[in-house]
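Report on the structure given below.
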Amino acid sequence: MNKVSVEKISKSYGKFRALDNVSFEVEGNGCLVLLGPNGAGKTTLMKTMTNIIRPTSGNVKINDINVRENPKKALMNVGSLIEQPEFYSYITGYEALMFTCMMRGLDRKTCESEVENLARLTNSKGYLTRKTREYSRGMKQRVGLASAMIGDPNIIILDEPTFGLDPSGMKEVRDLIIKLKKEKLIILSTHLLYEAQQLADWVAIINSGKLQYYGEQEKENYIEITGNVDVKKLPNSIDSVIYAGQNRIIVKKKTGARNSEIIENLIELGNTVDTFNYYSILEDLYVNQVGMTSD
Ligand SMILES: Nc1ncnc2c1ncn2[C@@H]1O[C@H](COP(=O)(O)OP(=O)(O)OP(=O)(O)O)[C@@H](O)[C@H]1O
């Protein structure tokens, strides 16, 4: 079972409410992406999940075990990377990983092969023997990611995992998460909607400490069609029109409707179709929930 239950979590810093009665439950394998503007409360939420801070009220349960009451048991199978990873500057990345691994109760030999394997996965092998004070932000991030994966946890919580990485590094990490989420529950925050579109099975949008939206990412239900399409001549396989402009419409298709069938029907009804592609409504959803920064 991989389950995280956030129950009515609030967190105040003095009079300021960083989190306000946030509740949701995520269960299964896949990736939950937390979205929201700077200062929305994403990191604070992840810190309550991993027992780094105590919520003012509410509970987080991992696999039904209360993180506050029984942190060791609740977090036994959880790996995390919260905020920017910092290491003692006088140790090497290898030593930092070995230390974390041994803290997890694994013997030296297992730790050596584990660190070797994670160094390969995160592409950090080339500099692991250097002191961490010499690391760039991206190098630290990769070692931090490796550290979050030590012991092969079933649940991994990552605060902006691609922050500071170069474009190839970002892709490597995204590919790694796509692989990991097949058999784990990943919870991550990001500001990159493209990343969220690629990774998310579920999306939570947080704004000013409140959960504004929680739902599945309906990746395959929305279609963008360009061509000469008349909204009065749409087949039954289309559920609703989200946007209609000149030569471009965005529609929600009916569950189970096949794309080839929709295209055929559109043409039979006298429309012309130039392009037909999946459309992510995540950006529309985000802007609807959060508004533009200049609002
Ligand atoms: N220790 C603290 N003391 C006082 N206020 C804090 C503290 N930590 C966080 N905050 C405030 O709580 C709010 C939420 O911060 P948080 O770091 O959770 O946001 P975030 O959504 O992760 O932002 P970002 O996307 O910029 O990383 C912010 O207004 C922040 O200033």
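Just so you know, these numbers come straight off a predicted model, no measurement behind them.
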Scan residues 27-41 for pairs that pass salt bridge (Lys or Arg N to Asp or Glu O under 4.0 Å), counting only residues two or more places apart or in two chains.
none

Any chance NZ of Lys3 has more than 12 other-residue heavy atoms, nucleotides or ligands included, within less than 6.0 Å?
yes

Basic-acidic side-chain contact under 4.0 Å: Asp201, Lys181
yes

Holding to side chain to side chain contact (heavy atoms under 4.5 Å, CB included), I want the full list of residues that pass it with Ser23, two or more places apart in sequence or in another chain.
Lys8

Not counting sequence neighbours, which residues clear side chain to side chain contact (heavy atoms under 4.5 Å, CB included) with Ser147? List them please.
Leu97, Thr100

What pairs with Asp274 under salt bridge (charged side-chain N to carboxylate O under 4.0 Å, His left out), at least two apart in sequence or on another chain?
none

Taking atom types as modelled, is there a side-chain donor on Asn59 or Arg68 under 3.5 Å from an acceptor on the other?
no

Heavy-atom side-chain proximity of Gln141 to Leu81 below 4.5 angstrom
yes

Would you please say whether a donor-acceptor pair under 3.5 Å links the side chains of Thr275 and Thr226?
yes

Who pairs with Ile263 by side chain to side chain contact (heavy atoms under 4.5 Å, CB included), at least two apart in sequence or on another chain?
Ile267, Phe276

For the residue pair Asn2 and Asn63, confirm or rule out a side-chain donor-acceptor distance under 3.5 Å.
no

Does the pair Asp20/Lys210 count as a salt bridge with the N-to-O cut at 4.0 Å?
yes

Please list all pairs passing the salt bridge (Lys or Arg N to Asp or Glu O under 4.0 Å) test where one or both residues lie in residues 48-63, with sequence neighbours left out.
Glu7-Lys61

Residues at least two apart in sequence or cross-chain that pass salt bridge (charged side-chain N to carboxylate O under 4.0 Å, His left out) with Glu25, listed by chain then number, are none

Pairs flagged by salt bridge (Lys or Arg N to Asp or Glu O under 4.0 Å) wherever residues 138-153 is involved - sequence neighbours left out:
Glu86-Lys140, Arg142-Glu172, Asp152-Lys184

Might you point out which heavy atoms bring Ser12 and Thr56 nearest each other, and give the distance in Å?
N-OG1, 2.8 Å

What residues, two or more places apart in sequence or in another chain, satisfy side chain to side chain contact (heavy atoms under 4.5 Å, CB included) together with Tyr88?
Tyr90, Ile91

Which pairs with one or both residues in residues 278-288 pass side chain to side chain donor-acceptor pair (under 3.5 Å), sequence neighbours excluded?
Gln197-Ser280, Asn259-Tyr278, Tyr279-Asp284

Using a side-chain heavy atom cutoff under 4.5 Å and only I, L, V, M, F, W and Y, what cluster partners does Met103 have?
Phe99

State which residues pass salt bridge (charged side-chain N to carboxylate O under 4.0 Å, His left out) with Lys131; sequence neighbours excluded, sorted by chain then number.
none

Asp107 atom CG: more than 12 heavy-atom contacts under 6.0 Å:
yes

Distance only, no hydrogens: is a donor on one side chain within 3.5 Å (strictly under) of an acceptor on the other, for Glu83 and Thr43?
no

